[in-house]
Amino acid sequence: MNRTHPQPPIALTIAGSDSGGGAGIQADLHTFAAHGVHGTSVLTGITAQNTRGVTAAEPVSVELVRAQLEAVLGDFPVAAVKSGMLGGPELLALVAEYGQADRLPNLVVDPVMVTTTGDSLWAGDPAAYLSGLGPLATVLTPNLIEARQLLGREIGSLGEMREAARALATYGPRAVLVKGGHLDRDGDAATDVLWCDGQMLDLAAPRIDTRNDHGTGCTLASAIAARLALGHPLPQAVAGAKVYVTEALKAAADWRLGTGRGPLHHHHGRKSAAL
């Protein structure tokens, strides 16, 4: 019997490679697939990385990143884009160039500057993110550490997270999601703050007791992009992505895939018909 399958929407991730498979391009493509979205990718850097940290990293040349962008955008009808590790101002300027040309729809900007284990992944002025990609972003998704670097001030409470979201929104993104996973780690809830279209929302979820949280930020940003590619309204895309990440953390809580901070279970709840 001849069966037809609906064509999936297409999303693009512009990010670095994590050889341990927990973050970066690898996490993004897992997340796109889990949402039924076809993932395309532009590689910005290569890291030697595992659950314990990054031991080496090299950027991909601007010329090769441009060639990858042209190859993908010249052939695929990309519906949403997630940007992650850009490494420095040269690649950020290149991404901004494509955004200014309206070639990066539904752009979700994850301003990756430092890993969960404390390894630096950004060599430029943090403010460049705001001037270069702020006006082009549909959603800007800094965690507390990144929000502090972007604004140059301390953020230590839920009220200060709301103030930070408002301040970051003045740089042009339609929405700002300040992630609060690093705040009050002993509390029962992990609360993010979303500023969207002039409204402030608190998005709370149960805090999962797990060491397997490597790539959480990458996964959340790519889940938002996947849901935007699927046509979800922006606030619902963000809220749904947070639920997805919470369930992915819960599903991987007992995993021991390495000796450090392991990955999320990106494909929780899905079973292959071939198995």
Side-chain angles (χ1 to χ4, degrees), residues 8-15 27-40 73 76-84 95-96 98-112 129-130 132-144 146-147 150-151 158 161-181 190-205 216-248 266:
I10 297 168
L12 166 64
T13 169
I14 306 171
D28 297 340
L29 293 178
H30 276 303
T31 301
F32 292 163
H35 282 81
V37 172
H38 177 72
T40 59
L73 298 174
F76 294 93
V78 170
V81 180
K82 178 253 178 170
S83 72
V95 172
Y98 278 75
Q100 290 163 0
D102 293 326
R103 300 186 69 182
L104 303 178
N106 289 316
L107 177 60
V108 180
V109 176
D110 185 15
V112 175
Y129 261 104
L130 298 178
L133 295 183
L136 306 172
T138 300
V139 192
L140 180 69
T141 67
N143 60 29
L144 284 185
E146 292 156 350
L150 290 170
L151 293 172
L158 190 59
M161 286 173 59
R162 297 187 187 110
E163 293 173 6
R166 289 191 186 93
L168 291 169
T170 63
Y171 289 88
R174 178 181 168 191
V176 176
L177 180 69
V178 178
K179 298 173 291 189
T191 302
D192 301 336
V193 169
L194 175 66
W195 184 97
C196 181
D197 294 333
Q199 294 187 330
M200 191 73 70
L201 300 171
D202 292 346
L203 302 177
T216 304
C218 301
T219 299
L220 180 60
S222 54
I224 295 170
R227 288 164 182 264
L228 291 174
L230 288 164
H232 295 199
L234 182 51
Q236 289 90 330
V238 175
K242 183 172 176 65
V243 172
Y244 165 78
V245 168
T246 300
E247 292 302 313
H266 296 95

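Bear in mind that the values here come from a model prediction, so they are computed numbers and not experimental data.
- Annotation: the span from Lys82 atom NZ to Thr138 atom OG1 amounts to 15.0 Å, rounded to 0.5 Å.
- For the pair Arg227 and Gln236, the minimum side-chain heavy-atom distance is 4.5 Å or more.
- Taking all atoms of both residues into account, the shortest heavy-atom contact from Leu168 to Ala147 is CD1-CB, 4.5 Å.
- Under a 3.5 Å cut-off, the side chain of Gln199 and the backbone N or O of Cys196 do not form any donor-acceptor pair.
- Shown here are the side chain to side chain contact (heavy atoms under 4.5 Å, CB included) partners of Pro8, two or more places apart in sequence or in another chain: His38.
- Each of Val178, Leu201, Val193 was compared with Arg162 under the side chain to side chain contact (heavy atoms under 4.5 Å, CB included) criterion, and only Val193 meets it.
- Side chains of Leu136 and Val109 form no contact here, defined as non-hydrogen atoms less than 4.5 Å apart.
- Separating the SG atom in Cys218 from the CG atom in Leu29 is a distance of 11.5 Å, to the nearest 0.5 Å.
- Considering every non-hydrogen atom in both Leu144 and Gly180, the closest pair reads CG-CA, 4.3 Å.
- Expressed to the nearest 0.5 Å, how far OG1 of Thr141 lies from CD of Glu146 amounts to 7.0 Å.
- Under the rule for a ring pair (Phe, Tyr, Trp, His ring centres under 6.0 Å), the partners of His35 that lie at least two apart in sequence or sit in another chain are Tyr244.
- Rounded to the nearest 0.5 Å, atoms CG (Leu203) and CG (Asp192) are 6.0 Å apart.
- The two residues Ala226 and Phe32 come nearest to each other via the heavy atoms CB-CD2, 4.0 Å.
- Under a 3.5 Å cut-off, the side chain of Asn106 and the backbone N or O of Ala79 do form a donor-acceptor pair.
- Counting only heavy atoms from C-beta outward, the side chains of Leu177 and Ile224 approach each other to under 4.5 Å.
- The two residues Val37 and Ala229 have their closest heavy-atom pair at CG1-CB, 4.5 Å.
- Heavy atoms only, all atoms of each residue included: Ile10 and Pro77 are closest at CD1-CD, 3.6 Å.
- Side-chain contact between Val139 and Pro173: absent, with no pair of heavy atoms (C-beta onward) separated by less than 4.5 Å.
- Between the side chain of Thr40 and the backbone N or O of Ala11, at least one donor-acceptor pair lies under 3.5 Å.
- Considering every non-hydrogen atom in both Ala27 and Ser222, the closest pair reads O-OG, 4.4 Å.
- Between Leu150 and Pro111, some side-chain heavy-atom pair lies under the 4.5 Å cut-off.
- Taken from CG in Leu104 to CD1 in Ile14, the straight-line distance is 5.0 Å, to the nearest 0.5 Å.
- Taking CG of Leu234 as the reference point, atom CZ of Arg174 lies at 4.5 Å (rounded to 0.5 Å).
- Residues passing the salt bridge (charged side-chain N to carboxylate O under 4.0 Å, His left out) test with Glu163, sequence neighbours excluded: none.
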query = Please walk me through it: do Asp110 and Lys179 pass side-chain contact (heavy atoms from CB on, under 4.5 Å)?
reply = CA-CA 11 Å; Asp110 185 15; Lys179 298 173 291 189; 3.7 Å; yes
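- The environment of OH in Tyr171 is sparse: at most 12 heavy-atom neighbours from other residues, nucleotides or ligands sit within 6.0 Å.
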